[in-house]
Amino acid sequence: MRELQGAVAIVTGAFRGIGLATARQLAEAGATVALVNRDASRAPEALREIPEGQGRTFICDVTDAQCVADMVELVEAEMGPVSVLVNNAGVTRDKLLVRTTDDDWDLVMAVNLKAAFNLTKIVARGMIRRRAGSIINVSSVVGIMGNPGQSNYSAAKAGLIGLTKSAAKELAARGIRVNAVAPGFIDTQMTAELEGPAREALIAMIPMRELGNPEDVAPVIRFLAGPGARYITGQVIVVDGGMVM
Ligand code: NAD
């Protein structure tokens, strides 16, 4: 089914992992997708995974407000009005709370939380005029349950849930839906350094006894973006093999 035929989507952090799987799913649903990432090196490989003519790459650090504003202007001028926004770019700087520096805190907040606020604000203006749009924020189960060594990241991901719900309440009457997905532990570069006993201990906490894949998360984002989720807003959909229930 090509339920997003004609839609234009922006996906941040889209050159690998969950962002790339999401960009591919949205394109397969018929959308043309702006794949946004800070670092250009993986742009050609990422684009090769998107159906011909349905993707364009944009190099932009989501913490750079001017670059983000210029990028949205370019996307709208060249691809058309944006109707789907996926705030997916994320980073971790894991340390025990007492060792977390101001820089560790500020960077994680800037990428995972402030960038989503900023991009939502910019994209929502056009969506409000057109009275249509779907925004999906990629949070995390640790924003719900906390995690030792991730006070900065958990706070940012919890903040993203608050942003999702407040924006959903503000924008619902304007025809815009705002939802979040909260992945559990997904096998990407972000979790690659978890090895040996730490990985085994983590798997033991997951009722389904395995890490998820980007392909387990992307279809949920595709669903939230599309008409099947017409009456769903302000929700956090957990995708975690049963860890949080
Ligand atoms: P990943 O590291 O493979 O992908 C993150 C992408 O974001 C990378 O391509 C990176 O270059 C990009 N990025 C980082 N900072 C950026 C910036 N300032 N501007 C633009 N792009 C930037 O990790 P992933 O696992 O695919 O993570 C995707 C999202 O899912 C993140 O928000 C992450 O916090 C969230 N998440 C991941 C997991 C997991 O277990 N992997 C679990 C819960 C939530």
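Counting starts at 1 for both ligands and their atoms, following the listed order.
- At a heavy-atom cutoff of 4.0 Å, ligand 1 is contacted by both the backbone and the side chain of Asn88.
- Rounding to the nearest 0.5 angstrom, the gap separating the CG atom in Asn87 from the CG atom in Asn118 is 9.5 Å.
- A continuous path of hydrophobic side-chain contacts links Leu171 to Leu119 [ILVMFWY only; heavy atoms under 4.5 Å].
- Using a 4.0 Å heavy-atom cutoff, Asp61 is listed among the residues neighbouring ligand 1.
- The pair Arg222-Glu3 meets the salt-bridge criterion, since a charged nitrogen lies less than 4.0 angstrom from a carboxylate oxygen.
- By the 4.0 Å heavy-atom criterion, Asp39 is excluded from the residues contacting ligand 1.
- Residue contacts with ligand 1: Ser139 is included, with a non-hydrogen atom under 4.0 Å away.
- The shortest heavy-atom distance from Ala115 to ligand 1 is not under 4.0 Å.
- In terms of modelled atom types and a separation under 3.5 Å, the side chain of Ser134 and the main chain of Leu224 share a donor-acceptor contact.
- Not a single heavy atom of Arg42 sits under 4.0 Å from any atom of ligand 1.
- Taking 4.0 Å as the cut-off, Ala21 does not count as a neighbour of ligand 1 on heavy-atom distance.
- At the top of the distance list for atom 19 (N) of ligand 1, counting protein heavy atoms only, stands Val62 N, 2.9 Å.
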